[in-house]
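Both ligands and their constituent atoms are indexed starting at 1 by order of listing. These numbers come from a predicted model, not from an experiment.
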Amino acid sequence: MRILVLATHDQNRLLADNARIIGAAKKLGGEIDMLVVGHNVRDVAKNASKLEGVNKILLLDDKLFSRPFAQLITPLLVQLADNYSHIITSSNSVGRNIFPRLAAKLDLMPITDVIKIHSINCFDRPIYAGNAIETVKNEQAKTILTIRASEFEKVGQEKEGEGEGEGEGKIENIKIPKLAINTSFIEEYRTKSDSPDLTTASIVVAGGRAIGSKENFALVKKLAKKLNAAIGATRAAVDLGYAPNDWQIGQTGKVIAPKLYIAIGISGALQHIAGISGAKKIVAINDDIDAPMVKIADYSLIGDLNEILPDLISRLKQK
Ligand SMILES: Cc1cc2nc3c(=O)[nH]c(=O)nc-3n(C[C@H](O)[C@H](O)[C@H](O)COP(=O)(O)OP(=O)(O)OC[C@H]3O[C@@H](n4cnc5c(N)ncnc54)[C@H](O)[C@@H]3O)c2cc1C
């Protein structure tokens with residue numbers, strides 16, 4: 001059995017997800033190769049090669065791949081598919097873009113958002129916005145998976161110097177497939193943030209509609225800074241312009257699995273809960289003792305957030 005993992009990166013860094021995806025791949029057993037596609041990504045490939053359990057890196061380093069377009073990466077994966085029984089990646093925005101196309105090209109059904117691996121062909125995945133867990137048995141010739149990274153333990157890195165030339169020995173260059181190119185890159189907007197990444201943070205502080213304004217989100221940010229936490233928001237807060245789109249947690253936002261989730265002025269709608277079911281401990285700050293978020297929380301502070309938040313911030317020591 002051979003597994004191909006499509007590495008996700010931002011052209012400079014390997015995303016934190018990858019160590020968890022390799023953790024998931026190891027549960028399948030078998031030999032794990034990783035595919036790194038991009039432009040000037042040799043260092044990314046070197047870092048990927050140091051992940052424990054990776055057999056070799058297939059590297060395609062070319063200007064054409066300076067953006068992870070599904071239209072370009074899919075033909076490459078199709079070309080490699082014959083050599084592998086399982087092709088997997090993170091169910092982040094890159095995986096969600098490329099893998100349905102890959103599955104269609106291979107005439108297979110992908111199994112998406114996998115949260116548990118029972119065996120080489122049996123997996124759990126959430127359905128109905130996380131309200132039920134489906135166990136899927138794959139009887140197709142090949143298995144195409146996207147994995148919820150936050151649900152799996154990450155692997156470590158091999159010690160410096162263990163792989164030849166810090167991983168260089170494991171890197172194999174591959175050729176560009178025949179492509180009909182009708183996609184080109186025009187512009188990219190990136191949000192700059194000095195807080196931890198929402199999807200992998202161990203503490204997340206999020207605000208909802210009750211925060212009241214964009215300016216009032218400063219209090220949420222202050223609490224997050226004290227705890228060295230990532231900042232999130234509900235769709236209501238995003239739609240009202242209080243918080244940027246990439247902070248949204250939930251069914252149509254990001255899926256998180258922190259050790260601690262602090263939900264401030266958030267009612268706990270099903271679509272929001274769909275994104276936080278992996279949180280280990282939940283603290284709700286809400287003025288309604290009957291709010292669904294309070295019902296599922298491990299601890300609740302009942303009262304006006306405008307009084308509770310400043311008090312909490314002043315009592316906490318900087319982490
Ligand atoms: C197809 C679809 C997809 C969706 N996807 C998402 C998604 O991905 N993520 C998401 O979050 N939502 C999503 N939604 C929206 C979701 O249904 C809810 O409308 C939204 O989550 C509610 O946001 P909220 O909790 O901030 O607001 P509300 O539901 O209005 O809750 C505000 C809470 O704050 C409390 N409160 C009010 N004032 C104070 C105060 N002063 N102090 C303390 N507490 C106070 C209230 O008691 C209440 O519990 C989706 C909806 C649809 C239809």
**Q** What part of Ser267 sits under 4.0 Å from ligand 1 if we count only heavy atoms: the side chain, the backbone, both or neither?
**A**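 For Ser267, backbone and side-chain atoms both sit under 4.0 Å from ligand 1.
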
**Q** At a 4.0 Å threshold, what atoms of ligand 1 neighbour a non-hydrogen atom of Ile266?
**A**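 Those atoms are 25 (O), 33 (C), 34 (O).
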
**Q** Can a salt bridge be assigned to the pair Arg42 and Asp61 using a cut-off of 4.0 Å between side-chain N and carboxylate O?
**A**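 Result for this pair is no, no salt bridge flagged.
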
**Q** As an exercise, identify every atom of ligand 1 less than 4.0 angstrom from a heavy atom of Thr252.
**A**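 Those atoms are 3 (C), 4 (C), 5 (N), 6 (C), 7 (C), 8 (O).
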
**Q** Kindly check if the number of other-residue, nucleotide or ligand heavy atoms within 6.0 Å of NZ (Lys280) is above 12?
**A**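 More than 12 heavy atoms, drawn from other residues, nucleotides or ligands, come within 6.0 Å of this atom.
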
**Q** Identify, by atom number and element, the atoms of ligand 1 in contact range of Gly253, meaning under 4.0 Å from any of its heavy atoms.
**A**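 Going through ligand 1 atom by atom, the ones under 4.0 Å from Gly253 are 8 (O).
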
**Q** Decide, yes or no, whether a salt bridge links Asp43 with Arg13 under the criterion of side-chain N to carboxylate O below 4.0 Å.
**A**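 No, this pair does not count.
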
**Q** Return yes or no for this condition: an N or O of Ala237 is under 3.5 Å from an N or O of ligand 1.
**A**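 Min N/O separation from ligand 1 is not below 3.5 Å for Ala237.
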
**Q** Looking only at distances, please establish whether an N/O atom of ligand 1 is found under 3.5 Å from an N/O atom of Gly208.
**A**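 Gly208 vs ligand 1: no N/O contact under 3.5 Å.
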
**Q** Near Gln251, which atoms of ligand 1 are under 4.0 Å from a heavy atom of that residue?
**A**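 Those qualifying, in numeric order: 7 (C), 8 (O).
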
**Q** Counting heavy atoms only, which of Ile289, Asp287, Val255, Leu240 is nearest atom 39 (C) of ligand 1?
**A**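 When every heavy atom of Ile289, Asp287, Val255, Leu240 is considered, Asp287 comes closest to atom 39 (C) of ligand 1.
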
**Q** When you measure from atom 47 (O) of ligand 1 to each heavy atom in Leu270, Asn286, Asn306, which option holds the nearest one?
**A**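 That would be Asn286.
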
**Q** Within ligand 1, which atoms have a heavy atom of Gly303 less than 4.0 Å away?
**A**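 What qualifies from ligand 1 is 42 (N), 43 (C).
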
**Q** Regarding ligand 1, does Asp288 bring an N or O atom to under 3.5 Å of one of the ligand's N or O atoms?
**A**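 N/O-N/O distance below 3.5 Å does not exist for this pair.
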
**Q** Mind checking whether Ile249 contacts ligand 1 via backbone (N, CA, C, O), side chain (CB onward), both or neither, at a 4.0 Å heavy-atom cut-off?
**A**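 Within the 4.0 Å criterion, Ile249 contacts ligand 1 through backbone atoms alone.
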
**Q** Closer than 4.0 Å to some heavy atom of Ala269 - which atoms of ligand 1 meet that?
**A**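 What qualifies from ligand 1 is 16 (C), 17 (O), 18 (C), 21 (O).
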
**Q** Taking 4.0 angstrom as the limit and counting only heavy atoms of Asp304, give me the atoms of ligand 1 inside it, by number and element.
**A**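 Atoms satisfying the 4.0 Å criterion: 40 (C), 41 (N), 42 (N).
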
**Q** Atoms of ligand 1 less than 4.0 Å from Gln248 heavy atoms?
**A**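 So the answer, numbered in order with elements, is 6 (C), 7 (C), 8 (O), 9 (N).
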
